[in-house]
Amino acid sequence: MVNEYEREGLRTAIILLDTGWWMRYGTSEENPLEYGISFILSLGRVLLRYGYNIGLWTMPMGPRVMPSSGMTQYYRLLSALISIRSLPIKGYSMDMTLYRVIRDTNPVLIAVTNINKESVGKLGEIISRLPTRALVIDVVPNTILMRGGMFRNIPCNQWVIRDRRRLYGGALPRNTKVITWDPACEGIGSVIAKASTYIGRWL
């Protein structure tokens with residue numbers, strides 16, 4: 001038997017990047033989309049170094065990179081991410097190719113998004129239909145927005161994260177873990193370490 005997507009013995013992670021307009025909250029250089037792309041490249045490099053298969057999907061549409069391993073795959077990810085732009089979308093739809101890849105490879109799903117009232121229910125619905133565990137990286141733009149306005153020296157605090165956790169509520173399925181990341185207050189290395197811990201436990 002031949003597995004179409006995964007070489008024998010390798011673990012697989014599929015990264016799902018949200019490209020909705022809410023990923024552009026902030027400035028042209030500092031926003032959830034730009035931080036999300038940096039996170040994906042950093043995490044991808046770490047996982048590929050440890051021999052994982054890595055795949056990339058964008059939602060609702062955009063480039064895909066089928067799961068594979070090695071440094072050539074890193075450059076495929078980089079090439080795909082360079083071309084990504086945020087889109088004026090109002091929801092997500094199920095990609096049956098993604099469903100089949102997940103069914104065949106049994107990966108962990110890593111969704112990178114900026115959760116909001118408009119998207120959280122749709123995101124939960126998509127994840128619940130995919131036969132895998134999911135790790136959501138919720139990139140919080142609040143501190144970026146406040147620092148970019150009249151509040152230049154606003155301190156980092158936990159009220160934003162506590163408020164976000166209320167938003168997750170029952171909208172996300174039980175097989176989902178959320179890492180809430182305020183990139184203006186927490187370095188990318190810390191988030192990579194948290195994500196790697198979850199992925200290592202699951203795979």
Side-chain angles (χ1 to χ4, degrees), residues 3 5-6 10-20 22-23 25 32-33 35-36 39-40 42-44 46-47 50 52-62 64 66-67 89-142 158-183 185-186 188 190-203:
N3 189 314
Y5 303 108
E6 179 179 21
L10 293 183
R11 297 166 292 181
T12 300
I14 302 288
I15 301 171
L16 189 62
L17 175 62
D18 190 347
T19 58
W22 42 78
M23 296 295 283
Y25 287 166
L33 183 60
Y35 278 111
F39 170 82
I40 291 169
S42 298
L43 180 65
V46 169
L47 295 180
Y50 283 97
Y52 281 74
N53 275 317
I54 305 296
L56 172 70
W57 251 256
T58 51
M59 58 181 182
M61 62 184 70
R64 308 172 183 164
M66 287 293 184
I89 62 171
K90 297 198 175 193
Y92 314 120
S93 58
M94 173 60 73
D95 183 334
M96 293 311 297
T97 303
L98 174 62
Y99 178 89
R100 288 192 293 271
V101 171
I102 287 176
R103 182 194 61 197
D104 293 344
T105 61
N106 191 30
V108 62
L109 180 71
I110 304 155
V112 180
T113 186
N114 165 24
I115 290 179
N116 56 74
K117 292 178 182 178
E118 200 170 331
S119 69
V120 66
K122 290 288 187 183
L123 178 64
E125 183 181 335
I126 290 292
I127 291 174
S128 67
R129 294 173 61 190
L130 295 171
T132 185
R133 290 180 172 180
L135 175 64
V136 175
I137 309 299
D138 180 20
V139 188
V140 180
N142 299 55
Q158 290 295 308
W159 71 265
V160 170
I161 292 178
R162 285 196 298 269
D163 189 55
R164 303 285 284 200
R165 287 173 180 159
R166 293 192 198 101
L167 183 61
Y168 310 148
L172 298 176
R174 291 185 178 180
N175 65 337
T176 305
K177 294 288 185 185
V178 181
I179 295 175
T180 308
W181 179 29
D182 183 346
C185 298
E186 182 179 8
I188 194 169
S190 173
V191 183
I192 295 293
K194 292 176 186 177
S196 299
T197 299
Y198 280 117
I199 294 165
R201 288 174 185 167
W202 288 350
L203 292 175

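Just so we're clear, the structure is a prediction, and the values are computed from it rather than from any experiment.
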Next item on the list: Enter the distance from L56:CG to M66:CE here, rounded to the nearest 0.5 Å.
Entry: 11.5 Å
Check: Does a side-chain heavy-atom distance below 4.5 Å link I199 with L47?
Finding: yes
Checklist line | Gap separating the CG atom of N114 from the CE atom of M23, nearest 0.5 angstrom | finding: 6.5 Å
Check: Regarding T176 and Y168, is there a side-chain donor-to-acceptor distance under 3.5 Å anywhere?
Finding: no
Margin query: Using modelled atom types and a 3.5 Å cut-off, is there a donor and acceptor pairing between side-chain atoms of N106 and backbone atoms of T132?
Written below: no
Note to self: When you measure from the side chain of S196 to the backbone of I192, do you find a donor-acceptor pair of N or O atoms at a distance under 3.5 Å?
What the structure shows: yes
Margin query: I'd like to know if the side chain of T19 reaches the main chain of M59, judged simply by a donor and an acceptor atom lying under 3.5 Å from each other, with no hydrogens or angles considered.
Written below: yes
Next item on the list: Could you walk me through whether K177 and K194 pass the side chain to side chain contact (heavy atoms under 4.5 Å, CB included) test, one step at a time?
Entry: CA-CA 11 Å; K177 294 288 185 185; K194 292 176 186 177; over 6 Å; no
Check: Taking side chain as C-beta onward, heavy atoms only, is Y52 less than 4.5 Å from T12?
Finding: no
Next item on the list: Under the side chain to side chain contact (heavy atoms under 4.5 Å, CB included) rule, what do Y99 and R129 come out as? Steps first, then yes or no, please.
Entry: CA-CA 8 Å; Y99 178 89; R129 294 173 61 190; 5.8 Å; no
Check: Taking the side chain as C-beta and beyond, is there a heavy-atom pair between I127 and V136 under 4.5 Å?
Finding: yes
Check: Quick one: does P183's side chain get under 4.5 Å of I188's, heavy atoms only?
Finding: no
Margin query: Run L135 and I179 through side chain to side chain contact (heavy atoms under 4.5 Å, CB included) and show every step you take.
Written below: CA-CA 8 Å; L135 175 64; I179 295 175; 4.0 Å; yes
Notebook entry, point to check: Taking atom CD1 of I126 and atom CG of L16, what is their separation to the nearest 0.5 Å?
Noted result: 8.5 Å
Margin query: Between D138 and I115 (side chain of the first, backbone of the second, donor and acceptor by atom type, cut-off under 3.5 Å), is there such a pair?
Written below: yes
Notebook entry, point to check: Can you find a heavy atom in the side chain of N53 that is under 4.5 Å from one in the side chain of R11?
Noted result: no
Next item on the list: Measure up the W181 and F39 rings against each other and bin them: parallel (under 30°), tilted (30 to 60°), perpendicular (over 60°).
Entry: tilted
Notebook entry, point to check: Just by distance, with hydrogens left out, do W57 and D95 show a side-chain donor and acceptor under 3.5 Å apart?
Noted result: yes
Check: Are side-chain heavy atoms of L98 and I14 found at a separation under 4.5 Å?
Finding: yes
Notebook entry, point to check: Is there a donor-acceptor contact under 3.5 Å linking the side chains of N116 and Y25?
Noted result: no
Notebook entry, point to check: Heavy-atom distance under 4.5 Å between the side chains of T113 and I137, does that happen here?
Noted result: no
Next item on the list: Could you pull out all residues at least two apart from S128 that satisfy side-chain contact (heavy atoms from CB on, under 4.5 Å)?
Entry: P173
Next item on the list: Taking the side chain as every heavy atom from C-beta outward, state whether V120 and L172 have any atom pair closer than 4.5 Å.
Entry: yes
